[in-house]
Amino acid sequence: MSKLKLGDIRDDKPVKLTVELPAQVHRDLVAYAEILGTENRQTLEPAKLIAPMLERFMKTDRGFAKLRKERRSASPRSAQER
């Protein structure tokens with residue numbers, strides 16, 4: 001089995017979002033869905049991969065995690081005290 005960054009795709013309540021992708025990104029997404037589907041013995045729609053890919057990207061982005069933590073710790077109450 002290859003070391004793809006995505007694993008099983010969970011079925012969660014979706015929020016509708018419309019995006020435009022460059023043609024090459026779409027082709028790569030289709031290819032990724034085919035490969036992942038083959039490995040997991042399931043048929044995957046390429047659009048179903050977008051959310052897990054974004055989720056994985058954000059979880060592994062250290063800069064994002066740091067800034068998000070800083071924002072959470074900076075509460076409105078602490079800003080008023082300054």
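This chain uses plain numbering: 1 for the first residue, then up along the sequence. Just so it is clear, the structure is predicted and the values come from calculations on it, not from any experiment.
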**Student:** For E34, what residues pass the side-chain hydrogen bond (donor to acceptor under 3.5 Å, both in side chains) criterion, not counting sequence neighbours?
**Tutor:** none

**Student:** I'd like a table of donor-acceptor pairs (distance under 3.5 Å, sequence neighbours excluded) in which one partner is a side-chain atom from residues 47-58, with atom names and distances.
**Tutor:**
| unit_1 | atom_1 | unit_2 | atom_2 | d |
| --- | --- | --- | --- | --- |
| E55 | OE2 | R10 | NH2 | 3.2 |
| R56 | NE | K5 | O | 3.3 |

**Student:** For E20, enumerate each residue passing the side-chain hydrogen bond (donor to acceptor under 3.5 Å, both in side chains) test, keeping only those at least two apart in sequence or located in another chain.
**Tutor:** none

**Student:** According to side chain to side chain donor-acceptor pair (under 3.5 Å), does anything in residues 22-31 pair up with another residue at least two apart or in another chain? List the pairs.
**Tutor:** Q24-R27, Q24-D28

**Student:** Going by side-chain hydrogen bond (donor to acceptor under 3.5 Å, both in side chains), name the residues that satisfy it together with D61, two or more places apart in sequence or in a different chain.
**Tutor:** none

**Student:** Check the hydrophobic clustering (I, L, V, M, F, W, Y; side-chain heavy atoms under 4.5 Å; chains of links allowed) and say if L44 and L29 are grouped together.
**Tutor:** yes

**Student:** Return the minimal non-hydrogen interatomic distance between P46 and A33, and the atom names on each side.
**Tutor:** CA-CB, 3.9 Å

